[in-house]
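Okay, so here's the structure we're looking at.
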Amino acid sequence: MRRAFYEHPVLDVARDLVGCVVSHAGSSGVIVETEAYHHSEPACHAYIGMTARTRVIFGPPGRAYLYRSYGIHACLNAVCEPEGIGAAVLIRALEPVEGIELMRERRGVERLENLCSGPGKLTQALDIGLELNGSDLLKGPIVIASRPRAWRDVDVVASRRIGITKAAELPWRFSALGNRFLSRAALSRLERAEQALAR
DNA sequence: CATGGGATTGACT
DNA sequence: GTCAATCCCATGC
């Protein structure tokens, strides 16, 4: 992955990240669900402007923004757009690839579909903690690599973001069509119908 | 310095 | 379907 990939508009990056591979600590997975956030809309942490917390979101592209959610979970974002613009893509779900036994130990669950099917689950499965906030996604320890050949032409669908109260109507969530590793809550009634048809 | 809310998850009815 | 866990940080006194 090149630095320029992350400098593009955040909606483009969110769509293009689906199919890319996240690796950390002996485990990896293909991104199957993302959400875009931009400082111009109130659901984004950077909406309030530059603070100690949001400094990384306004920083150079290609870095990791990690925050604690509900006091319990860590959530992973990729910082986008040129430095000075607050934009990031939340990684919401992965299809597990490498280190599946490690993921099972870290998560304490067996079922493959339960390992990385949510933003808090995947950071636990890949052992990604808040201490990696601000780290470089091109240099590591967390690395995001381009789509494998098999994912080159993945069908990506846009829909509404979930789990938020502000600006929830924006269709800024991007999912791999029909994938079985999406976050469970991410499936709208329409998408469940689509999946049923796909089977 | 005290308070309140949140880009979630899992357990339970 | 409901609900609590639990911590970071922004805000207001």
Side-chain angles (χ1 to χ4, degrees), chain A residues 6 9-11 13-15 17-18 22 29 31-59 61 63-81 85-94 96 103-135 137 142 144 156-176 180-189 191-192:
Chain A
Y6 296 101
V10 68
L11 291 179
V13 180
R15 174 177 288 273
L17 274 174
V18 174
V22 183
I31 299 171
V32 294
E33 184 181 340
T34 64
E35 277 179 359
Y37 289 88
H38 189 269
H39 73 251
S40 62
E41 44 91 14
C44 183
H45 291 169
Y47 183 67
I48 59 174
M50 179 98 73
T51 66
R53 182 196 198 187
T54 63
R55 180 174 40 86
V56 172
I57 314 177
F58 285 98
R63 302 266 179 95
Y65 166 56
L66 281 146
Y67 68 93
R68 185 164 300 294
S69 172
Y70 290 91
I72 305 169
H73 309 103
C75 292
L76 171 65
N77 298 253
V79 174
C80 299
E81 306 211 10
I85 297 177
V89 174
L90 172 66
I91 311 299
R92 287 196 54 91
L94 306 177
M103 293 184 186
R104 287 193 167 115
E105 289 170 23
R106 292 164 180 164
R107 291 272 300 123
V109 296
E110 286 297 309
R111 196 159 184 269
L112 203 54
E113 288 87 347
N114 270 350
L115 294 178
C116 300
S117 54
K121 296 178 184 179
L122 69 91
T123 53
Q124 185 181 32
L126 270 63
D127 194 26
I128 293 171
L130 297 190
E131 71 279 4
L132 293 170
N133 186 38
S135 64
L137 294 171
I142 311 167
I144 300 184
V156 180
V157 293
S159 52
R160 285 159 50 141
R161 296 181 294 186
I162 57 178
I164 55 176
T165 53
K166 291 166 284 196
E169 74 286 356
L170 297 175
W172 286 10
R173 176 161 53 105
F174 299 91
S175 310
R180 53 194 260 258
F181 298 95
L182 301 176
S183 69
R184 189 170 166 72
L187 298 179
S188 68
R189 183 195 303 247
E191 286 164 326
R192 279 196 300 272

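The chains referred to below are lettered A, B, ... by the order of the sequence lines, with proteins before strands, and numbering in each begins at 1.
A donor-acceptor distance shorter than 3.5 angstrom exists from the side chain of Glu35(A) to the backbone of Ile162(A), with no hydrogens or angles considered. Between the side chain of Thr54(A) and the main chain of His45(A), no donor-acceptor pair closer than 3.5 Å is present. For Arg104(A) (side chain) and Gly108(A) (main-chain N/O), no donor-acceptor pair under 3.5 Å exists by modelled atom type. Put simply, the side chain of Arg173(A) gets close to the backbone of Arg160(A): a donor and an acceptor are under 3.5 Å apart. Arg92(A) contributes no side-chain N or O that, together with a main-chain N or O of Glu33(A), makes up a donor-acceptor pair within less than 3.5 Å.
Screening Ile142(A), Leu76(A), Leu132(A), Leu130(A) for a side chain to side chain contact (heavy atoms under 4.5 Å, CB included) involving Thr123(A) leaves a single residue, Leu76(A).
One distance of note links CD of Glu41(A) with CD1 of Ile164(A); it measures 7.0 Å at 0.5 Å rounding.
Nucleotides of DNA chain C that come within less than 4.0 Å of any heavy atom of chain A span, from the 5' end to the 3' end, dA5(C) to dA10(C). Chain A approaches DNA chain B within less than 4.0 angstrom (heavy atoms of the protein), and the contacting nucleotides run 5' to 3' from dG6(B) to dG10(B).
Place Leu130(A) and His73(A) on DNA chain C by their nearest nucleotides, and His73(A) ends up nearer the 5' end. Nearer the 5' end of DNA chain B, as judged by each residue's closest nucleotide, is the contact made by Gly163(A), out of Val109(A) and Gly163(A). Comparing Asn114(A) and Tyr67(A), the nucleotide of DNA chain B nearest to each residue sits closer to the 5' end for Tyr67(A).
The residue Ile164(A) sits close only to the backbone: its heavy atoms come under 4.0 Å of sugar-phosphate atoms, none of a base.
Here dA10(C) sits opposite dT3(B) as a Watson-Crick or G-U wobble pair (both hydrogen-bonding atom distances under 3.5 Å).
Between Leu90(A) and Tyr67(A), some side-chain heavy-atom pair lies under the 4.5 Å cut-off.
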